[in-house]
Amino acid sequence: TRQDIEHTYNIPSNQIRTIYQSCDPRFYLPDRMDLRDLVRRKYGLHQPYFLTVGSLIARKNIGTVLEALLRIPQQDIRLVIIGKGKNSYAEKLKQFIKIHQLENRVLFLEEHYPSSEILADLPALYQAAVGLIYPSIKEGYGIPVLEAMAAGTAVITTAHSSMAEISGEAALLSDPFDADQIALFMSLLYEQPDERIRRITEGKTRAQQLDITHSSAQLMQHYLSLF
């Protein structure tokens with residue numbers, strides 16, 4: 001976003017201050033096994049799953065995640081998608097699922113449950129997942145990456161745009177169009193608990209650096225520096 005402002009409005013970089021936003025404090029609450037079990041039962045998530053969060057639009061790049069799902073050897077893994085979209089890209093995703101017979105492995109959660117309930121359960125849905133996959137092509141920030149790290153969920157995201165900047169060294173970074181690499185990272189998190197735990201631990205540390213206390217303090221400090 002900072003680079004876009006520089007180039008679009010021709011503003012010198014030394015006149016722009018970047019302050020990272022935080023996310024809802026409830027994502028920072030301790031992981032509770034009982035809540036994880038509750039959302040698994042409530043939403044019928046009895047198999048291990050990866051989560052992707054975002055609107056069904058092209059730049060979110062969910063199509064590549066579906067291709068990766070086809071390529072992982074673990075056929076019991078599901079993909080849970082939280083996001084809506086009534087457009088040609090959403091139809092393209094559903095056609096891909098039908099052609100490749102992925103109906104039993106892909107769940108569009110908001111087609112079956114109220115969005116308000118899903119939003120209320122989102123921290124536990126992150127925590128119950130093997131990991132978040134967020135291979136967006138372009139973002140202003142990428143709030144699901146921060147939400148997942150704060151909740152204690154391993155993250156696979158892209159080295160493009162802002163996501164690598166937000167996640168630091170905590171996430172597994174992929175080329176957003178490389179389905180083989182994303183599939184490899186999915187298998188890695190699923191098959192190697194130590195790697196998953198390491199990513200969760202590093203993600204929590206990174207999320208603490210971006211919590212509301214730090215963001216508010218930086219913003220206030222910048223305001224005071226203007227006077």
Side-chain angles (χ1 to χ4, degrees), residues 21-57 60-62 65-66 68-69 74 76-86 90 93-94 97 102-136 139 141-157 163 166-167 170-172 185-186 189-190 193 196-197 199-208 210-212 215:
Q21 76 175 88
S22 187
C23 63
D24 194 311
R26 67 197 180 99
F27 291 99
Y28 286 86
L29 295 175
D31 186 359
R32 286 175 50 185
M33 182 66 73
D34 60 327
L35 293 180
R36 279 197 272 165
D37 291 341
L38 178 64
V39 297
R40 286 193 185 103
R41 291 194 303 270
K42 178 177 179 178
Y43 298 107
L45 303 173
H46 306 301
Q47 296 171 285
Y49 68 91
F50 281 87
L51 188 66
T52 185
V53 178
S55 302
L56 306 183
I57 55 177
K60 298 294 185 180
N61 196 30
I62 296 172
V65 183
L66 294 177
L69 186 67
Q74 301 88 354
D76 60 329
I77 292 178
R78 299 181 76 188
L79 177 66
V80 175
I81 299 172
I82 299 177
K84 293 180 179 180
K86 292 184 178 181
L93 296 177
K94 292 178 181 180
I97 290 167
L102 289 171
E103 291 93 341
N104 293 329
R105 298 185 62 198
V106 179
L107 175 62
F108 291 92
L109 209 58
E110 288 182 286
E111 290 186 357
H112 304 278
Y113 302 92
S115 298
S116 58
E117 288 188 24
I118 295 170
L119 182 61
D121 293 332
L122 191 52
L125 285 165
Y126 277 124
Q127 292 163 351
V130 178
L132 172 75
I133 309 176
Y134 196 75
S136 185
E139 292 289 334
Y141 193 76
I143 196 70
V145 172
L146 177 55
E147 290 175 345
M149 293 191 302
T153 305
V155 175
I156 299 170
T157 189
M163 280 72 72
I166 299 306
S167 60
L172 291 162
F185 287 159
M186 292 171 72
L189 292 180
Y190 182 64
R196 182 167 168 256
I197 291 170
R199 296 293 174 175
I200 289 171
T201 302
E202 292 181 1
K204 285 183 175 180
T205 299
R206 176 58 176 157
Q208 288 296 330
L210 301 171
D211 72 4
I212 191 64
S215 298

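Counting begins at 1 with the first residue of the sequence. Owing to the predicted nature of the structure, the values given are computational and were not obtained by experimental measurement.
Inter-residue side-chain proximity for V53 and I143 is flagged as unmet; no heavy-atom pair is nearer than 4.5 Å. In this structure, the side chains of V130 and M186 stay at 4.5 Å or more apart for every pair of heavy atoms. Side-chain atoms of L172 and L189, non-hydrogen and from C-beta on, do get closer than 4.5 Å to each other. Inter-residue side-chain proximity for P48 and Q74 is flagged as unmet; no heavy-atom pair is nearer than 4.5 Å. Between L45 and V39 the shortest side-chain heavy-atom distance does not fall below 4.5 Å. Counting heavy atoms from C-beta outward, D24 and L122 have side chains that stay 4.5 Å or more apart. For the pair L146/Y141, a side-chain contact is recorded, criterion being any heavy-atom separation below 4.5 Å from C-beta on. In this structure the side chain of L35 never reaches within 4.5 angstrom of the side chain of Q127, judged on heavy atoms.
Listed by chain and number, the residues in a salt bridge (charged side-chain N to carboxylate O under 4.0 Å, His left out) with E202 are R198 (sequence neighbours excluded). In this structure I57 satisfies the side-chain contact (heavy atoms from CB on, under 4.5 Å) test together with S55, R59, K60, N87, sequence neighbours excluded. With sequence neighbours excluded, no residue forms a side-chain hydrogen bond (donor to acceptor under 3.5 Å, both in side chains) with R78. Scored by the side-chain contact (heavy atoms from CB on, under 4.5 Å) test, P30 finds no partners at all (sequence neighbours excluded). Partners of R36 by salt bridge (charged side-chain N to carboxylate O under 4.0 Å, His left out), not counting sequence neighbours, listed by chain and number: D31. Applying the side-chain hydrogen bond (donor to acceptor under 3.5 Å, both in side chains) criterion to E103, with sequence neighbours excluded, gives no partner residue. The side-chain hydrogen bond (donor to acceptor under 3.5 Å, both in side chains) search around D121 returns K42, Y43, not counting sequence neighbours. By the side-chain contact (heavy atoms from CB on, under 4.5 Å) test, T205 is found to be paired with Q209, residues two or more places apart in sequence or in another chain being considered. Legend: residues meeting side-chain hydrogen bond (donor to acceptor under 3.5 Å, both in side chains) with D76, ordered by chain and number and at least two apart, are Y190. Scored by the side-chain contact (heavy atoms from CB on, under 4.5 Å) test, L29 finds R26 as partners (sequence neighbours excluded). Y126 meets the ring pair (Phe, Tyr, Trp, His ring centres under 6.0 Å) test with F27; sequence neighbours excluded.
The two residues M163 and V145 have their closest heavy-atom pair at CG-CG2, 4.0 Å. Across T153 and L132, no two heavy atoms sit closer than the pair CG2-N, 3.8 Å. Across every non-hydrogen atom of K204 and G152, the tightest pair is CE-CA, 3.6 Å. Nearest heavy atoms, P123 versus A151: O-CB, 4.2 Å. When all heavy atoms of G203 and M149 are compared, the closest pair comes out as O-CB, 3.4 Å. Scanning all heavy atoms of the two residues, the minimum distance from A154 to I200 falls at N-CG1, 3.6 Å.
For N104, the CG atom is loosely surrounded, since the number of other residues' heavy atoms within 6.0 Å does not exceed 12.
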Derivation of the side chain to side chain contact (heavy atoms under 4.5 Å, CB included) call for I82 and E110 | CA-CA 6 Å; I82 299 177; E110 288 182 286; 4.0 Å; yes
Going through the distances and angles, do Y134 and I166 end up as a side chain to side chain contact (heavy atoms under 4.5 Å, CB included)?
-> CA-CA 12 Å; Y134 196 75; I166 299 306; over 6 Å; no
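Under a 3.5 Å cut-off, the side chain of R199 and the backbone N or O of V155 do not form any donor-acceptor pair. A donor-acceptor pair under 3.5 Å links the side-chain atoms of R105 to the main chain of I77, judged by distance alone. Using a distance-only test at 3.5 Å, with no hydrogens or angles considered, a donor-acceptor pair links the side chain of Y28 to the main chain of A207.
In this structure, the separation between CG on L66 and CG on N61 is 10.0 Å, given to the nearest 0.5 Å. Here the straight-line distance linking atom CD1 of I97 with atom CZ of F108 works out to 3.5 Å at 0.5 Å rounding. In this structure, CG in L51 is found 11.5 Å from CD1 in I156, a value given to the nearest 0.5 Å. Separating the CD1 atom in I81 from the CD1 atom in I133 is a distance of 9.5 Å, to the nearest 0.5 Å. Here the CG atom belonging to L109 is positioned 10.0 Å from the CD atom belonging to E117, to the nearest 0.5 angstrom. Of the inter-residue distances, the one linking D211 atom CG with R206 atom CZ reads 11.5 Å to the nearest 0.5 angstrom.
Evaluation of the side chain to side chain donor-acceptor pair (under 3.5 Å) test over residues 44-53, restricted to residues two or more places apart or in two chains, returns none.
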